[in-house]
There are 2 protein chains.
Amino acid sequence: MEERLSKVFAALADPTRRDLVARLATADATVGELAAPYDVSVQAISKHLKVLEDAGLVTKAKVAQRRSVHLEAEVLDLMTAWIERYRQRAEQRYQRLDAVLARMNEEQEGKAS
Amino acid sequence: MEERLSKVFAALADPTRRDLVARLATADATVGELAAPYDVSVQAISKHLKVLEDAGLVTKAKVAQRRSVHLEAEVLDLMTAWIERYRQRAEQRYQRLDAVLARMNEEQEGKAS
DNA sequence: TCCCTCTTCAACCTATCGGTTGACAACGGC
DNA sequence: GCCGTTGTCAACCGATAGGTTGAAGAGGGA
């Protein structure tokens, strides 16, 4: 779980891999098709796809000699869940702080009147 | 923007840094307090905090010789926004696919009847 | 003022990352 | 049955990440 999360975050830390994910969000594609737009070797893209695959973000279907690469969007939920947990926790803190400040304000008002 | 996103993802790829963020979500803390639970040097944690700071996830307030470390939760929204964009895009694909399959099914039904 | 605590800076070391080139395995088309 | 296309594996290379130790800067307390 923790391990998986590390891999997913690490996978998306690279701009090329984020772009691959973005393109795969609209359509499956072969390795060659995915590699075409970039000015790096096909091997480099193959490595990137392996990283995405190890993170569970992508699966490859062996369709003849071409491999169709497919985005597994559920894994993205893992990240969203993690992020949201702490974002909301931080948000609640501010709300509690706001409440405290409001209460202090009221007390101040009470003193003043 | 792209650069910032890379830094945020990379920052959260490390388990220690994710744990720091998790702890900071409930309360601000000094560098020393943050470093205490881990069995690595304070310098190592200081480095981790610098990475989080460069990613914009954290700010340090110079309170005397101690620095109070504070989580900037808004940056998490950057990630959520990126993730959700492609997750939804992928989801829509499946919905369209479902629609196509449903239509094919209907046509099949039509033929059958 | 002197010292003690907290934090960062600097240099170093090892492992991993992202890229390269070269070879090779696996299929389909002809 | 061979050839060309597609993709991966292997070895290598320079740069970066995460850790260490040692030293130094910056305040507060006695």
Side-chain angles (χ1 to χ4, degrees), chain A residues 2-24 27-72, chain B residues 2-24 27-72 75 79:
Chain A
E2 187 77 3
E3 176 74 7
R4 163 61 56 94
L5 213 43
S6 287
K7 284 188 179 180
V8 179
F9 277 118
L12 294 181
D14 184 277
T16 303
R17 286 195 292 260
R18 274 203 307 282
D19 195 56
L20 287 169
V21 168
R23 291 171 55 206
L24 286 169
D28 293 357
T30 67
V31 176
E33 288 166 356
L34 289 170
Y38 314 106
D39 60 351
V40 298
S41 64
V42 180
Q43 288 95 321
I45 299 301
S46 181
K47 272 194 186 181
H48 279 307
L49 289 173
K50 189 161 188 354
V51 173
L52 291 172
E53 197 176 12
D54 287 347
L57 276 164
V58 137
T59 53
K60 291 179 200 154
K62 303 189 179 184
V63 178
Q65 80 276 40
R66 321 187 159 190
R67 272 100 170 150
S68 181
V69 182
H70 175 76
L71 179 64
E72 297 293 332
Chain B
E2 188 74 3
E3 177 73 7
R4 164 60 57 96
L5 214 42
S6 287
K7 285 188 176 179
V8 179
F9 277 117
L12 294 181
D14 185 278
T16 303
R17 286 195 292 260
R18 276 203 307 282
D19 195 56
L20 287 169
V21 168
R23 292 171 55 205
L24 285 169
D28 293 358
T30 67
V31 176
E33 289 166 353
L34 289 171
Y38 312 106
D39 60 349
V40 297
S41 64
V42 180
Q43 288 95 322
I45 300 300
S46 182
K47 273 195 186 181
H48 279 308
L49 289 172
K50 190 163 189 354
V51 173
L52 291 172
E53 196 176 14
D54 287 346
L57 277 164
V58 137
T59 52
K60 291 178 200 153
K62 302 188 178 186
V63 177
Q65 80 277 40
R66 323 186 159 191
R67 271 98 170 151
S68 182
V69 182
H70 175 75
L71 179 65
E72 296 293 334
V75 182
M79 273 193 299

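Sequence lines set the chain letters: A, B, ... in the order given, protein chains first and strands last, and positions in each chain run from 1. None of the values given here were measured: they were computed from a predicted structure. Hydrogens, waters and symmetry mates are skipped; everything else that's a heavy atom, side chains included, is used.
- A donor-acceptor pair under 3.5 Å links the side-chain atoms of A/R23 to the main chain of A/L34, judged by distance alone.
- In this structure, the side chains of A/L57 and A/L12 come closer than 4.5 Å at one or more pairs of heavy atoms.
- The distance from atom NZ of A/K7 to atom P of C/dT16 is 13 Å, rounded to the nearest whole Å.
- Distance, B/L12 CG to D/dA17 C1': 16 Å, rounded to whole Å.
- Rounded to an integer number of Å, the gap from NZ of B/K50 to P of C/dA10 is 10 Å.
- Atom CD in B/E53 sits about 11 Å away from atom C1' in C/dT8, given to the nearest Å.
- Here the side chain of A/T30 pairs no donor or acceptor atom with the backbone of A/S68 at under 3.5 angstrom.
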With B for base contact, S for sugar-phosphate-only contact and - for none (protein heavy atoms under 4.0 Å), nucleotides 18-25 of chain C reads SBBBB---
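- Contact annotation: B/S46 side-chain N/O to C/dT7 OP1/OP2 distance is not under 4.0 Å.
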Ignoring hydrogens and angles, write down the donor-acceptor pairs under 3.5 Å from the side chains of residues 40-47 of chain A, residues two or more places apart or on other chains.
residue: A/S41; atom: OG; partner: A/A44; partner atom: N; Å: 3.2

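- A straight line from CZ of B/R67 to P of D/dA26 spans 9 Å, rounded to a whole angstrom.
- Residue B/L52 contributes atom CG, which lies 14 Å from atom C1' of D/dA17 at whole-angstrom precision.
- Taking every side-chain heavy atom of A/V31 into account, D/dG7 is the closest of C/dT7, C/dT8, D/dG7.
- Distance A/D54 CG to D/dC9 P: 10 Å, rounded to the nearest Å.
- Distance B/K62 NZ to D/dG25 P: 15 Å, rounded to the nearest Å.
- In this view, A/D14 satisfies the salt bridge (Lys or Arg N to Asp or Glu O under 4.0 Å) rule with no residue, not counting sequence neighbours.
- Of the residues listed (B/D28, B/L52, B/L24, B/T59), the one engaging B/V69 in a side-chain contact (heavy atoms from CB on, under 4.5 Å) is B/L24, and it is the only one.
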